[in-house]
Amino acid sequence: MHKLQGIAVSPGIAIGEALVMDRERFRIPRRMVARDAITHELERLLRGLEATAEEIQKNRDTIARELGPQYGAIFSAHLQMVHDEQLRNEISDLIREHQFSPEYAVSQVLRRYAKVFQALESAQLAERSHDIFDIEKRILRNLLGHRREELSQLTSPVLVLAHNLTPSETANLNRDFVRGFVTEIGGPGSHTAIVAQGLEIPAVVGTGKFLGDVSGGDMVIVDGEHGVVILQPDDATLALYQREVEAKRTYAARLQTLRDLPAETADGVAIELLGNIEFPHEVTQCLERGSDGVGLYRTEFLYLDPSREPTEDVHYQAYAHVLREMAPRPVTIRTLDVGADKITHAPSPEDERNPFLGLRSIRLSLRNTDLFRTQLRAILRASVLGNARIMFPLISTITELRQAKMVLADVMEDLEEGKIPFNRDVEVGMMVEVPAAVTMIDHFVREVDFISIGTNDLIQYTLAVDRSNKDVAPLYNPSDPAVLRLIAQAMRACNEASVSASLCGQMSSDPLFTAWLLGVGLRQLSVVPSAIPEIKRVCRRLELPYCEQVARHVETLDSAREVKKYLLKEQRQSPHADQF
Ligand code: PEP
Ligand code: MG
């Protein structure tokens, strides 16, 4: 049994067989071959090695022709390795003596070689390990050929173990078979984490390197509550987690009884509980969980298919579905928020050094107004089908907000000229997720119908900490008093101006913060759909004077640690501590 500690990003416990993905997404299980198939498998290995050698030779010749023989020499070294007798013998021996499949034998031997290079002190020699990984991939590609198993074509339940998964790869995971995932890199606020929550797949990220120690088919436990991953658990551990899964199932069933009850505090203050969605089909989860609407629709996930840009009709169909299903409940459609870790085929700048500070989100929309206008037209056309609201992301200056509103006004005029119906009174709001927007909040609230506080970004921009980087993850902390003060400041301005405000960052889904959020004046929380029942349970137990007292006390604390300690203590002792 081997235990890893990572960052918990999507709750739940998953138990099952590992599917190990290397950087090229190959599946390399520890497969055995039958004794009488060994000769055949050795021949297959030989064919794979020959095809690889041919490929490298071709590359060498092309490069040498176009750039000169010195560049071709790089490939000569690769070729030499593929022809190396010792290497070939080591691989063949593993197949012959241990009955390993050629794929598994290749990856075992080449990874061992790569590790030896990685351990060398000379940086130049350590770099050679990349060449070895490259050769390994080439051989695997030739061996697996069309047998390569795509993540989307799974046929049995697995837990995916990978170096990294992009938000789009995560979005494409087949929920019927992928029961959980673990990645070596990634941070707490990454969009991969957010998508995992949306899909309700337990996930742990940022474990550091471990893929070398695990084989496909190994039993694995992913504990998405505590960020723990257990490889090859012993029987006692397995039984413990199985009991935990059962207890969670029972608790979730009990929470479902709250579905049709209002989310109001014990002293009668109405709270709106809305859902955050990334895909139209998530409205079903919102409705099943008893949500009061959609507080954040991350429309950028319409752009994840790299093969085509969504047309106005693709946009329209998605919005129409969500609006119709949720009507008469409100649906806040956020305009395109790509860039940084949400990489799509939408025009993105090359070579950004700091993509989170770069041309992302509303900045990108204002630079590509055709794209922006297409989306706005679709939202407006769909606005007659339900209760639509339009929200602009990452607003950092008043000029940006005005420019975005001007484009919207222009699109409205076009629709009017074309006699295309839309809701002229559609509410227009903005995300408050940059400290500058909080600083200038008294001005912003005069020009919007509503705001939504995006703490996922607000935390990273306030504390100068990349939300997707595991190495600085401890700094990425919603309990930090600097972040809490900004939220409280934004709420004061909204309440003074009577502008409606919600909070749609991940912290609204964490019951630890519910009392504090209500205490600073929030009456709308937009949470991941799976968290709606639990947050509703907590709201229904709280009384407002108590929440305000919590907020006042937090104001006196000076560190994230103190805040968390205090909120945990309150959570244990307060009236909402008992479950029902
Ligand atoms: C946020 O930043 O809090 C937010 C809700 O937006 P996203 O997570 O999509 O950046
Ligand atoms: Mg954001």
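Sequence positions, counted from 1, serve as the residue numbers for this chain. For ligands, and for the atoms within them, numbers begin at 1 and follow the listed sequence.
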Spacing of [atom1] belonging to [X] relative to [atom2] belonging to [Y], to within rounding of 0.5 Å:
X: L273; Y: I271; atom1: CG; atom2: CD1; value: 8.0 Å
X: T299; Y: H315; atom1: OG1; atom2: NE2; value: 7.0 Å
X: I395; Y: Q403; atom1: CD1; atom2: CD; value: 9.0 Å
X: M406; Y: L366; atom1: CE; atom2: CG; value: 10.0 Å
X: L525; Y: F513; atom1: CG; atom2: CZ; value: 12.5 Å

> What N/O/S atom of D457 gets nearest to the Mg ion (ligand 2)?
Replying inline: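 This residue's closest N, O or S atom turns out to be OD2.
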Going by the order shown, which atoms of ligand 1 are within less than 4.0 Å of some heavy atom of [X]?
X: G505; result: 3 (O)
X: H191; result: 7 (P), 8 (O), 9 (O), 10 (O)
X: N456; result: 1 (C), 2 (O), 3 (O), 4 (C), 5 (C), 8 (O)
X: I194; result: 8 (O)
X: E433; result: 1 (C), 2 (O), 4 (C), 6 (O)
X: R298; result: 4 (C), 5 (C), 6 (O), 7 (P), 8 (O), 9 (O)
X: D337; result: 9 (O), 10 (O)
X: C504; result: 5 (C)

>> Looking only at distances, can you tell me whether any N or O atom of D457, backbone or side chain, sits closer than 3.5 Å to an N or O atom of ligand 1?
In response: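 N/O-N/O distance below 3.5 Å exists for this pair.
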>> Testing R373, R377, K405 one by one against D410 for a salt bridge (charged side-chain N to carboxylate O under 4.0 Å, His left out), which residue passes?
In response: R373
> Pick one: which of L19, I201, V220 meets side chain to side chain contact (heavy atoms under 4.5 Å, CB included) with L159?
Replying inline: V220
>> Looking at F450, I'd like to know if the NZ or CZ of R389 sits under 6.0 Å from its six-membered ring centre while staying within 45 degrees of the ring's axis.
In response: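 Yes.
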> Does atom NZ of K564 have more than 12 heavy-atom neighbours, drawn from other residues, nucleotides or ligands, at distances under 6.0 Å?
Replying inline: no
>> Strictly under 2.8 Å, is the Mg ion (ligand 2) approached by any N, O or S atom of E433?
In response: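 So E433 counts as coordinating the Mg ion (ligand 2), yes.
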> Taking the non-hydrogen atoms of R334, is any one of them nearer than 4.0 angstrom to ligand 1?
Replying inline: yes
>> Taking a cutoff of less than 4.0 Å between a non-hydrogen atom of the residue and any ligand atom, is E278 in contact with ligand 1?
In response: no
> Given Q460, R360, R467, Q506, which one has a non-hydrogen atom that is nearest to atom 8 (O) of ligand 1?
Replying inline: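 The residue whose heavy atom sits nearest atom 8 (O) of ligand 1 is R467.
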Would you mind telling me if ligand 1 is within reach of the side chain of [X], the backbone, both or neither, using heavy atoms under 4.0 Å?
X: L296; value: side chain
X: N276; value: neither
X: I453; value: neither

> What class does the angle between the rings of H281 and F279 fall in, given that below 30° is parallel, 30 to 60° is tilted and above 60° is perpendicular?
Replying inline: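 Judged by the thresholds at 30° and 60°, the geometry between H281 and F279 is parallel.
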> Do the rings of Y319 and Y297 sit parallel, tilted or perpendicular, given the 30° and 60° boundaries?
Replying inline: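 Taking Y297 first and then Y319, their aromatic rings stand perpendicular (interplane angle over 60°).
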